[in-house]
Structure formats: C-alpha cells, structure tokens
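Only one structure is covered here, and it is reproduced in the block below.
Heavy-atom basis, side chains included; hydrogens, waters and symmetry copies ignored. Just follow the structure's listing: the first ligand is 1, and inside any ligand the first atom is 1. Just so it is clear, the model here is predicted, and its values are computed rather than measured.
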Amino acid sequence: MRRVVCPGSFDPVTNGHIDIIGRTARQYDEVVAAVLTNVHKKGLFTVEEKVAMLRECTADLDNVRVAQFNGLLVDFCRENGISAIIRSLRSVSDFDYELQIAQMNYRLSGVETLFMTANPQYSFLSSSLVREIAQYGGDVSSLVTPNVEQRLRDKYA
Ligand code: PNS
C-alpha cells in the first residue's frame with residue numbers, strides 16, 4: 001500500500017489544490033489530504049470548515065481521505081504509516097521555501113518530500129489571493145469550487 005499525504009493549510013482549498021490531489025490520487029494507492037497549521041499564516045476558516053470543504057471537493061475520489069492534525073507533519077506521517085509528502089511547486093520561489101522544509105522533515109524523520117509541478121492553468125493561484133478577491137466581492141468562480149465560493153460569500157457577508 002503506497003500511502004502519501006498532501007498537506008496544507010487549505011484556507012480555503014482551491015482548484016489548484018484539487019488538481020494536485022487528483023493527480024496524486026492517480027499515482028498512489030491512498031492519498032491523505034491533511035489540514036495542518038502553518039504558523040506563519042493567519043487563518044480565515046476554522047479547521048472544521050477546511051476539512052468539510054476538502055471532503056466536499058474530493059468526494060468523487062475513492063482513494064482520497066481527509067484528515068486534520070495539530071502538530072508536526074512528520075509526526076502525522078509516522079502515526080499514519082505515510083512514507084512521502086507531496087508538495088506542489090508553482091514557481092522557483094516556492095522551491096526556495098519548500099527545499100528547506102523538505103530537508104528538515106527528512107532530517108527529523110526520514111520521510112521523503114516529492115514535488116509535483118503545478119498545472120500551469122493554476123500557477124498564479126493561491127488561497128491568500130482567493131481570500132483577498134472574495135473579501136472585496138470579486139469573482140472567484142473559476143478559482144474555487146461552488147461550495148467553497150458559497151462559504152467565502154457567507155464568511156464575508
Ligand atoms: O498550505 P501551506 O500553508 O503551504 O501548508 C504548509 C503546512 C501546513 C503543510 C506546513 O506549515 C506544516 O507542515 N505545518 C505543520 C507543522 C510542521 O510540521 N512544520 C514544518 C517544520 S519543518
């Protein structure tokens with residue numbers, strides 16, 4: 001059983017995240033989409049809301065399950081028998097940041113990080129931009145799924 005994790009803060013999950021999770025699900029037996037805390041980011045949605053949105057967005061993917069964890073990603077991997085972390089790269093600046101984290105996670109636990117290049121269709125997309133656009137009433141319908149769009153509308157109503 002090849003089980004991997006797609007971790008993130010998913011605040012909220014975007015079409016770019018769903019693309020990566022779906023492509024990962026075609027490569028591995030089981031994918032855990034895991035909501036963790038990024039200490040450098042201030043959250044909009046609660047963990048419960050993020051998990052609910054992810055479940056809605058991945059409902060049609062049989063080998064994807066959604067989880068949440070409060071702690072180190074490598075501890076989540078150890079507790080769940082996960083041998084690899086999948087991270088998306090949209091740009092060289094993503095790589096600069098991700099390389100250090102990947103090497104630290106490997107040093108801490110031996111868990112590998114595998115990078116998947118973002119679909120060019122979504123290489124400009126980030127949750128923070130989606131939040132900003134939604135906050136000012138902009139159109140995010142091509143960036144997130146309808147359920148997420150509705151939750152953003154409710155949040156900023
Ligand atoms: O979507 P993000 O914000 O890029 O996801 C980053 C995330 C949540 C995966 C990362 O911050 C994380 O792994 N948080 C859990 C704590 C941890 O393990 N930090 C890394 C220490 S080397």
Side-chain angles (χ1 to χ4, degrees), residues 2-25 27-28 30-58 61 63-135 140 142-145 147-149 151-152 155:
R2 292 177 310 159
R3 182 183 296 143
V4 298
V5 62
C6 288
S9 26
F10 299 111
D11 192 35
V13 58
T14 68
N15 289 344
H17 292 128
I18 298 168
D19 180 76
I20 292 288
I21 293 168
R23 286 161 60 201
T24 303
Q27 299 296 325
Y28 294 95
E30 189 182 334
V31 179
V32 185
V35 176
L36 287 100
T37 301
N38 184 334
V39 293
H40 305 289
K41 293 181 180 171
K42 198 170 152 285
L44 172 66
F45 290 100
T46 65
V47 171
E48 290 71 26
E49 288 169 327
K50 294 174 185 181
V51 166
M53 285 186 277
L54 260 175
R55 290 217 166 104
E56 290 157 6
C57 293
T58 58
L61 298 170
N63 60 338
V64 174
R65 73 179 168 89
V66 178
Q68 66 175 81
F69 190 71
N70 191 19
L72 286 177
L73 177 55
V74 291
D75 289 336
F76 178 79
C77 292
R78 196 181 50 243
E79 288 176 21
N80 288 273
I82 288 166
S83 59
I85 298 162
I86 307 295
R87 292 290 286 173
S88 164
L89 294 180
R90 292 166 300 188
S91 62
V92 174
S93 59
D94 273 355
F95 180 71
D96 273 350
Y97 173 74
E98 295 288 343
L99 177 64
Q100 186 185 16
I101 306 288
Q103 290 174 330
M104 182 59 84
N105 281 335
Y106 186 80
R107 168 63 68 88
L108 288 174
S109 67
V111 174
E112 298 284 1
T113 297
L114 306 176
F115 294 115
M116 184 174 279
T117 52
N119 184 331
Q121 211 182 328
Y122 302 122
S123 59
F124 59 89
L125 181 50
S126 69
S127 297
S128 57
L129 280 181
V130 165
R131 291 196 304 272
E132 186 174 337
I133 295 163
Q135 182 175 355
V140 294
S142 64
L143 310 176
V144 297
T145 50
N147 59 311
V148 175
E149 189 184 3
R151 282 178 190 264
L152 281 162
K155 236 351 146 187

His40 contact mode with ligand 1 (heavy-atom cut-off under 4.0 Å):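 His40 to ligand 1: no contact under 4.0 Å from either part.
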State, with a plain yes or no, whether a side-chain heavy atom of [X] is found less than 4.5 Å away from one of [Y].
| X | Y | answer |
| --- | --- | --- |
| Phe115 | Asp94 | no |
| Phe45 | Val35 | no |
| Pro12 | Ser127 | yes |
| Leu89 | Glu98 | yes |
| Val130 | Val140 | yes |
| Ser126 | Thr14 | no |

Test of proximity, Asn38 against ligand 1: N or O pairs below 3.5 Å: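 Between Asn38 and ligand 1, an N or O pair is found under 3.5 Å apart.
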Ser9-ligand 1 polar pair, N/O distance under 3.5 Å: yes
Any idea which protein heavy atom is nearest [atom], and the distance to it?
| atom | value |
| --- | --- |
| atom 16 (C) of ligand 1 | Gly71 O, 3.5 Å |
| atom 13 (O) of ligand 1 | Leu73 CB, 3.6 Å |
| atom 10 (C) of ligand 1 | Thr37 O, 4.4 Å |
| atom 9 (C) of ligand 1 | Arg87 NH1, 3.7 Å |
| atom 19 (N) of ligand 1 | Leu72 CD2, 4.3 Å |

CD1 on Ile21 to CG on Asn63, rounded to 0.5 Å: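 It comes to 11.5 Å.
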Atoms in ligand 1 flagged as close to Lys41, the criterion being non-hydrogen separation under 4.0 Å: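 Under 4.0 Å from Lys41, ligand 1 has these atoms: 1 (O), 2 (P), 3 (O), 4 (O).
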Proximal atoms of ligand 1 relative to Asn105 (non-hydrogen, under 4.0 Å): 22 (S)
Asn80/Val5 under side-chain contact (heavy atoms from CB on, under 4.5 Å): CA gap, chis, key distance, verdict: CA-CA 9 Å; Asn80 288 273; Val5 62; over 6 Å; no
Under-4.0 Å heavy-atom contact between protein and atom 7 (C) of ligand 1: no
